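Encoded as structure tokens, the structure appears first; notes follow it.
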2 protein chains.
Amino acid sequence: MTRRPDLPLAEEPAPRERADAARNRARVLAAAEKLFAERDPASVTMDDIAKAAGIGRGTLYRRYPDRVSIARALLDEHERALQEKLMRGAPPLGPGEDVGPADRLAAFYAAMIDLLETHVHLLLGAETGSARYSTGAYGFWRLHVRHLAQQAGAADADTLADLLLAPLAPELYRYQRENGTSLERISTGLAELAHGTLGSRA
Amino acid sequence: MTRRPDLPLAEEPAPRERADAARNRARVLAAAEKLFAERDPASVTMDDIAKAAGIGRGTLYRRYPDRVSIARALLDEHERALQEKLMRGAPPLGPGEDVGPADRLAAFYAAMIDLLETHVHLLLGAETGSARYSTGAYGFWRLHVRHLAQQAGAADADTLADLLLAPLAPELYRYQRENGTSLERISTGLAELAHGTLGSRA
DNA sequence: GATAGAAGTGGACAGGACGTCCACTTGTGC
DNA sequence: GCACAAGTGGACGTCCTGTCCACTTCTATC
């Protein structure tokens, strides 16, 4: 009944990915990245990706159930890096003695704009519409902003967190950029928003 | 070359909708309203609507090129009513001597929450994802909020307007409501946001 | 009313995307 | 080098879309 003591401690017996599988995974990610970048991500089909990667439909579906999961895989490391900085990085992005929640929110906004600017196409592929809220990443941003709102003494930090994350929707970002709004203007606007809502009021 | 003077002044000669066409239009709208309400609007197909309305595909497509246009048609009168109130209604929704932009924005938020609560299903059908920004309605809300931001002396009212409208995204509203956040909490949060950003700062 | 022609109708059709299934191939541990 | 698990790829059935066009119904006119 008990686990065999000589097995490695990992819960899963570590199934080891086969060499051809690893090669194909890499091909898929590379092909998808390219396709997402050069076309409207919503129009990229699983077929397109399979063709571009030079593999069959079945192989693609074996690991990625849909386009969204591929975009998420591509996004993953970038989002983790930012999350790391939020938790343990230097202020104002990370926590610090003499930095208030409004400044940290503004810094977070700026960092997200950075992420958006570099990877809108992936974010549009991964977090379009309602899918956004079911992302692990969204949960993390939510926790972070809620925490800042609490620090600022907000009455309902939970609700406020979602409202404050809304302006970071990838669709909005694309819309604004395509309409000629510069990265800086968006960042400045968001900073205003941050200080207005979480700033120390008189 | 000149227009015949005895014709009615309307630009289009008013082609008069045929009786059967009018009947079918009504059927379509009724059926669609019902379907949108009882299912996830994104999953309602043109076929579903045609079947529910008891008409053929071709007939449906004749007037409505896609699901979105049907949802918009259903939404239209409600949105117009609100627009009317914003322009000519009583303060704080409408313009007034002793009402500041922050209060008007809060009132607008509250009215939009009302609209969302009653018609999320239609808004999800009509303004999902990027389609939202190409709506005439969005343009109107945008103009209104920009105007308020200008009154409040915002540096970049244009950019701020989009940012302030983001929390009204139908997907977010559905997400919040489904997660148990009450209508009141959302309204209160938005009011905070309104006063924080457009309120008179010390 | 009868009628001509415009307006409206509905279902068949082709195209494309999805997701599954399974006979075959390839890699890996023994 | 063998056995078998893991991986592969393309064919298949289903669903949805949007168009097309032969047919029907309405309405303006006489």
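Naming convention: chains lettered A, B, ... in sequence-line order (proteins, then strands); numbering from 1 in each chain. Quick caveat: nothing in here was measured; it's all calculated off a predicted structure.
Between B:Arg18 and C:dG8 there is no side-chain N or O to OP1 or OP2 distance below 4.0 Å.
When heavy atoms are screened at a 4.0 angstrom cut-off, A:Thr59 is found touching base atoms of the nucleic acid. The residue B:Leu60 sits apart from the nucleic acid: no heavy atom pair falls under 4.0 Å.
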Distance-only donor-acceptor hits, side chain of residues 29-36 of chain B, under 3.5 Å, sequence neighbours excluded:
residue : atom : partner  : partner atom : Å
B:Glu33 : OE2  : B:His121 : NE2          : 3.0

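For the pair A:Arg62 CZ and D:dA6 P, the interatomic distance rounds to 9 Å; values are reported in whole Å. Residue A:Tyr64 contributes atom OH, which lies 16 Å from atom C1' of D:dT8 at whole-angstrom precision. Spacing between atom CZ of B:Arg27 and atom C1' of C:dG8 amounts to 13 Å, rounded to whole angstrom units. Atom C1' of nucleotide C:dG16 and atom CG of A:Asp47 are separated by 9 Å, given to the nearest angstrom. Residue B:Ile49 contributes atom CD1, which lies 15 Å from atom P of C:dG10 at whole-angstrom precision. Atom pair B:Asn24:CG and C:dA7:P shows a separation of 17 Å (rounding to whole Å applied). Distance CZ (A:Arg63) to P (D:dA6): 13 Å, rounded to an integer number of Å. In this structure, NZ of B:Lys51 is placed 11 Å from P of D:dT17, rounded to the nearest angstrom.
Positionally, the nearest nucleotide of DNA chain D for B:Val44 lies more toward the 5' end than for the other of B:Val44 and B:Ala19. The residue among A:Asp66 and B:Arg23 whose nearest nucleotide of DNA chain C lies closer to the 5′ end is B:Arg23. Position along DNA chain D of the nearest nucleotide to B:Pro65 versus B:Asp20 favours B:Pro65 as the more 5'-ward residue.
In summary, the side chains of B:Gln176 and A:Thr159 do not present any donor paired with an acceptor at a separation below 3.5 Å, with no hydrogens or angles considered.
Side-chain atoms of A:Arg146 never come within 3.5 Å of backbone atoms of A:Ala157 as a donor-acceptor pair (strictly under, hydrogens ignored).
Of all nucleotides listed (C:dC18, D:dT27, D:dT17), C:dC18 comes nearest to the side chain of A:Arg67. Considering only the side chain of A:Ala21, D:dG7 comes nearest among D:dG7, C:dG27, D:dG18. Of the listed nucleotides (C:dT20, D:dT19, C:dG8), C:dT20 has the atom at the smallest distance from the side chain of A:Arg57.
A perpendicular orientation is assigned to the rings of A:Tyr138 and A:Tyr133, their planes being inclined by more than 60° (bins at 30° and 60°).
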request  = Could you walk me through whether B:Glu17 and B:Asn24 pass the side-chain contact (heavy atoms from CB on, under 4.5 Å) test, one step at a time?
outcome  = CA-CA 11 Å; B:Glu17 187 177 43; B:Asn24 279 343; over 6 Å; no
